[in-house]
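Here the structure is laid out as structure tokens; the discussion comes afterwards.
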Amino acid sequence: MKTAVIVFPGSNRDRDMFHALELITGTRPASVWHTETSLPDADLVIVPGGFSYGDYLRSGAIAARSPILKELVKKADQGVKVLGVCNGFQILTEAGLLPGALMRNAGLKFVCREIELETVNNATSFSNAYQKGQVWRCPTAHHDGNYFADAETLKSIEDNGQVVFRYANGTNPNGSINNIAGVTNAKGNVLGMMPHPENLIEDLNGGTDGRLLFESLLAQAA
Amino acid sequence: MIPNDIKITPDLIASHGLKPDEYERILKLIGREPSFTELGIFSAMWNEHCSYKSSKKWLKTLPTKGPRVLVGPGENAGVVDIGDGQTVVFKMESHNHPSYIEPYQGAATGVGGILRDVFTMGARPVAAMNALRFGEPNHPRTRHLVSGVVSGVGGYGNSFGVPTVGGEVEFHSSYNGNCLVNAFAAGLADADKIFLSEAKGVGLPVVYLGAKTGRDGVGGATMASAEFDDTIEEKRPTVQVGDPFTEKCLLEACLELMKTGAVIAIQDMGAAGLTCSAVEMGAKGDLGIELDLNKVPVREENMSAYEMMLSESQERMLMVLSPEKEAEAEAIFKKWGLDFAIVGVTTDTLRFVVKHNGETVADLPIKELGDEAPEYDRPWVESPKRPVIAAADVAEPADYAQTLLKLVGGANGSSRRWVYEQYDTLIQGNTAAAPGGDAGVIRVDGTRKGLTFSVDVNPRYCVADPFEGGKQAVAEVWRNLTAVGSEPLAATDNLNFGNPEKPEIMGQLVGCIKGIGEACSALDFPIVSGNVSLYNETHGEAILPTPAIGGVGLLPDVSVRATSSFKAAGDAIVVIGG
Amino acid sequence: MKARVIVTLKNGVLDPQGKAIEGALGGLGFGDIASVRQGKVFDVELTGSDKEAAKAELAQMCEKLLANTVIENYAIEID
Amino acid sequence: MKARVIVTLKNGVLDPQGKAIEGALGGLGFGDIASVRQGKVFDVELTGSDKEAAKAELAQMCEKLLANTVIENYAIEID
Ligand SMILES: Nc1ncnc2c1ncn2[C@@H]1O[C@H](COP(=O)(O)OP(=O)(O)O)[C@@H](O)[C@H]1O
């Protein structure tokens, strides 16, 4: 599987993502600087976590307006898979690739904590290695992860099965509506999620639950 | 604009924290009255913060060498060999006074400062810790300080992208008017790619990098060395605001630049930024430095030479670069959106010359600015030892369960999860043990090796018996490191005390340093970096003596280590030790 | 020319910060608060001098960057 | 009664957000921006009806919570 990671000034989980993808796919992803205007040929493009542009103004807002995003929108329209994690999720919503918005955590504080996720839709390229209803561990680390969408949008994403992951067993760390932790676009080729599967992939991390997400993508590409 | 020809009066001298005999020393040194800017430069170089004038004599007694120590105290951070050509670079530093005035920004810029110290040496920061002390939980200011400081530490470190793997939080009434914020950072660098601050070569460009200079914290270094009183309110607008985004860009740009071979010397701008960094680079290299302040990127209009020389604006660096790599260097900084300006040149005159608007506003002997700073052998008295309380003197609790609940429910015994959940403890993907155990553990990226981190001190022990308390702080850090199975390598210290001009406070400082020295010698645990914060007093009341010790250990195989949780019912519980 | 842009949350959009401030003010003993909503203000200095043109440009800035129109409204004031 | 409180950074205090926004607007092709400074706005609904009393109370709220007077100024407007 060919992958690429977009790097913005202020991205800081890009290194974690490079490491995870290299470990799991066996090849190092291409690194794409935010000022570039074309993306390499890849099956999966990742927008990593961090504080792009310091997350000043709104999380992800400034990054969503960088040159490379125009190209990313084009690729997404062509069906290339796009995964945004944490700040990546915020960037994809700001860019209009995903519905809704990510607001300040209900507790107003940055939260770094392991939570539980339920895979509510395992029929996506990002979740097929999980069982439907499977509950798995995943770390979170964010300040603005409180997912919000208006009633109409919410109904449509729920009805379309766009909600892929939900916080389970009362572990919602941020007040997200309907416990939403990860959503796709209508076509299902773009996923945004707040938790960090890339930080739970080897024994050192104390578990490997996050691996299945990448293995889902790998299975698709094979 | 503030002119440079302001008349130097005794009041002005005093307001710069310089004592009359110190001013006499200045007159003798330069053979004339200093200009206003020169007075500012002396005040910055000769205050406690930069000159360590009260503590130097005693700090020299600490063991700082060892087979693994590559760079000891005196540089931006200590450097310790961890095998395979790799090193760990670390230091701890206080930001106590700024955090009391503006807890969020004070703590944030404290973290920013220590991270800069580490990456200035060429190391990528891989772990952070913080040691925090606040007043009583029900003191009216405590809640505000705790919440501001913790979110400030997190706000900066999380955005910068370094995992916080340990720390401590304690409450005691002696910190009611003077909280402590000590930040630790560690980074990794190859042994043959360590960068130092010593300038080399005459006629080379002195380059300014990073954020623009504003009036932030003008006089801040002076403030850090002055006791608090009610006039503190007036000093408020000098607060520095941190910009972790710029710092992250500065990190990436510096590391990228260092790879090109362009960097001859580098020094971060901390307290009294431009002054201390330029003087240090020149003095260490036996060179003069000439600065042209009109080239300094500024954020505000009409900044005077005095203000530029004393500004504490954050996220700035000074470098000496190879001239032939200048264009390459500039391109890297432009890529990261940072300011890049050639602001001066190295000379062979051994003078520190500062020009502004065509006028020479300072012309001082560069080595003497540092070397001739006053050094005091302050009078001290041995602290009266508090009586030892024998176990038999303490009544047995009537109800053990109640007592236990009281202990774990108290401010100093309860879980610190509320604090460390606000810190990103996992970023970089190498965290093997996050806060909550004896020591934080990270994997050395790309290897099987692990590094372990702990920070500790018990100020109650230090006040009861400074010597024993100092020893104990080192021993506890050592134990934390060995408890996870690592070999302790070296330590850093952050000595927080009251006013050293009082013999009893000086006695605490001396006692603690002696204790630390003795323990470090006995354990082959050298101190490779550190920081001293004195004058931690409010209305004449000093804080408890608080010499925080930060230690680093090495695990040959990070997967082989001990953790503190009980593993199974029925296992035997063993107590070992004396 | 000086302009001020005020960006506020749309009605119906949850405002965790406003809610928390409401609670905190209550806790400080301010009793007569019905609600608090938090927004942003941008003080923008423009080099041009044509007010109408500036207004149009500021509206563009809001649409493109300053406001997230999924959840926010904006208002523009020019001195 | 509706009131609006506007909190802005004092002169000279670094505004990393404003600076980043300035840069981003430039990148989007807005050429004539001299500077951007970001602040906060609080829309407060009060239950009382005495404007003077409200003003005094809002000033108290600013001093105690809404503004960080170390680095920020505040202004109060009542409808
Ligand atoms: N400010 C802090 N930042 C990060 N971790 C902290 C902080 N304060 C305490 N901790 C962590 O919480 C745990 C308990 O702290 P403490 O009670 O001081 O431990 P100990 O008594 O073992 O020294 C430790 O793992 C420590 O690293």
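What you see is a predicted model, and the numbers here were worked out from it, not measured in a lab. Each chain gets a letter, A, B and so on, in the order its sequence line appears, and its residues count up from 1.
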Proximal component of [X], with respect to chain A [non-hydrogen, under 4.5 Å]:
| X | answer |
| --- | --- |
| C:V7 | neither |
| C:I71 | side chain |
| C:E72 | side chain |
| C:K10 | neither |

* To do: Give the member of C:V70, C:L14, C:D15, C:L9 that has the highest number of heavy-atom pairs under 4.5 Å with chain A.
  =>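 The residue among C:V70, C:L14, C:D15, C:L9 with the greatest pair count is C:L14.
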
Interatomic distance, CG@A:N169 vs CD1@A:I115, rounded to 0.5 Å, equals 10.5 Å

Give, for atom CG of A:N121 and atom OG1 of A:T184, the distance between the pair rounded to the nearest 0.5 Å.
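One finds 7.0 Å between CG of A:N121 and OG1 of A:T184.
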
Side-chain touch A:S59/A:Y53, heavy atoms, less than 4.5 angstrom:
no

Are A:H196 and A:V85 side-chain neighbours, meaning at least one heavy-atom pair lies under 4.5 Å?
yes

Residue part contacting chain C, namely of [X], when any heavy atom lies under 4.5 Å:
| X | answer |
| --- | --- |
| A:D150 | neither |
| A:R65 | side chain |
| A:I177 | neither |

Checklist entry - Is there a donor-acceptor pair under 3.5 Å between the side chain of A:H143 and the backbone N or O of A:L108? => result yes

Check your understanding: Would one find more than 12 heavy atoms of other residues, nucleotides or ligands at under 6.0 Å from atom NZ of A:K187?
Key -> yes

